[in-house]
Amino acid sequence: MTSEAILTVEAYFDALGTREMERILSHFAPDATWTIPGDPALTPWAGRRSGPEEIRQSLTEFFAAVEPLAFELRTMVEADGQVLAPGPSRFRPSGQVLESEMILRFSVTDGLITDYRVFEDSLGITRTCLGEPLSTTPA
């Protein structure tokens, strides 16, 4: 049986795929926090945001700057309202293609996302946004 928290996150991903802002934001609590690592001066959608208007701003910046190419959602795991959603992604923020593994962490209460955090290659993203070459050396 799928937990309510995972169902909430799945509904968020469905909405995100449409890019319909109101539909996306309807899955967040009014005081939700949204954290994407990085410097907003270099990567405009990065940083910590709070509430629907700041989340809207981050998403608007992301949608304007990034062409998503692939995101493979692997099995989500939930414990006590915390959902981890891992998977590889491929996107093009400024002409270069960046491939990265990421984990998205959601906190869900009463069917709404209260906290969203991204764990990804923020240095790689910043470098692509600045047009710098990506390292080909394995980590």
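All figures in this text were calculated on a predicted structure; none of them were measured in a lab. Note: hydrogens, waters and symmetry copies are ignored here, and every other heavy atom, side chains too, is used. The residues of the chain are indexed from 1 along the displayed sequence.
Taking CZ from Arg23 and CG from Asp14, the interatomic distance works out to 6.0 Å, rounded to the nearest 0.5 Å. Going from atom CZ of Arg56 over to atom CZ of Phe63 covers 11.0 Å, rounded to the nearest 0.5 Å. From Glu10, atom CD reaches atom CG of Leu73 across 8.0 Å, with rounding to the nearest 0.5 Å. A distance of 6.5 Å separates CG in Leu59 from CG in Leu25, rounded to the nearest 0.5 Å. We find the CD1-CZ distance between Ile6 and Phe106 to be 11.0 Å, quoted to the nearest 0.5 Å. From Ile36, atom CD1 reaches atom CZ of Arg49 across 7.5 Å, with rounding to the nearest 0.5 Å.
Leu7 and Leu84 fall into different hydrophobic clusters, defined by Ile, Leu, Val, Met, Phe, Trp and Tyr side-chain heavy atoms under 4.5 Å apart, directly or through other members. There is a path of hydrophobic side-chain contacts, each under 4.5 Å, that joins Met102 to Leu98.
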For residues 110-120, please give each side-chain donor-acceptor pair under 3.5 Å, one per line with the distance, not counting sequence neighbours.
from	atom 1	to	atom 2	distance (Å)
Thr114	OG1	Ser107	O	3.2
Asp115	OD1	Thr33	OG1	2.3
Asp115	OD2	Arg105	NH2	3.3
Asp115	OD2	Arg117	NE	2.8

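The main-chain N or O of Ile55 is never found under 3.5 Å from a side-chain atom of Ser58 such that the two would form a donor-acceptor pair.
A 4.5 Å side-chain heavy-atom check between Met76 and Thr2 finds every atom pair outside the cut-off. Between Pro68 and Arg19 there is a side-chain heavy-atom pair separated by less than 4.5 Å.
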Discussion item. Test salt bridge (charged side-chain N to carboxylate O under 4.0 Å, His left out) on Arg90 and Glu67; report intermediate values, then the result.
Written reply: CA-CA 9 Å; Arg90 218 173 82 217; Glu67 176 189 358; over 6 Å; no
Item to complete: For side-chain contact (heavy atoms from CB on, under 4.5 Å), just list the numbers for Val108 and Tyr12, CA-CA rounded to whole Å, side-chain angles, deciding distance to a tenth of an Å, and then say yes or no.
Response: CA-CA 11 Å; Val108 178; Tyr12 161 76; over 6 Å; no
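Proximity of the aromatic rings of Phe71 and Phe91 is defined here by a centroid distance below 6.0 angstrom, and this criterion is not met.
The shortest non-hydrogen separation linking Pro40 to Gly47 is CG-CA, 4.1 Å.
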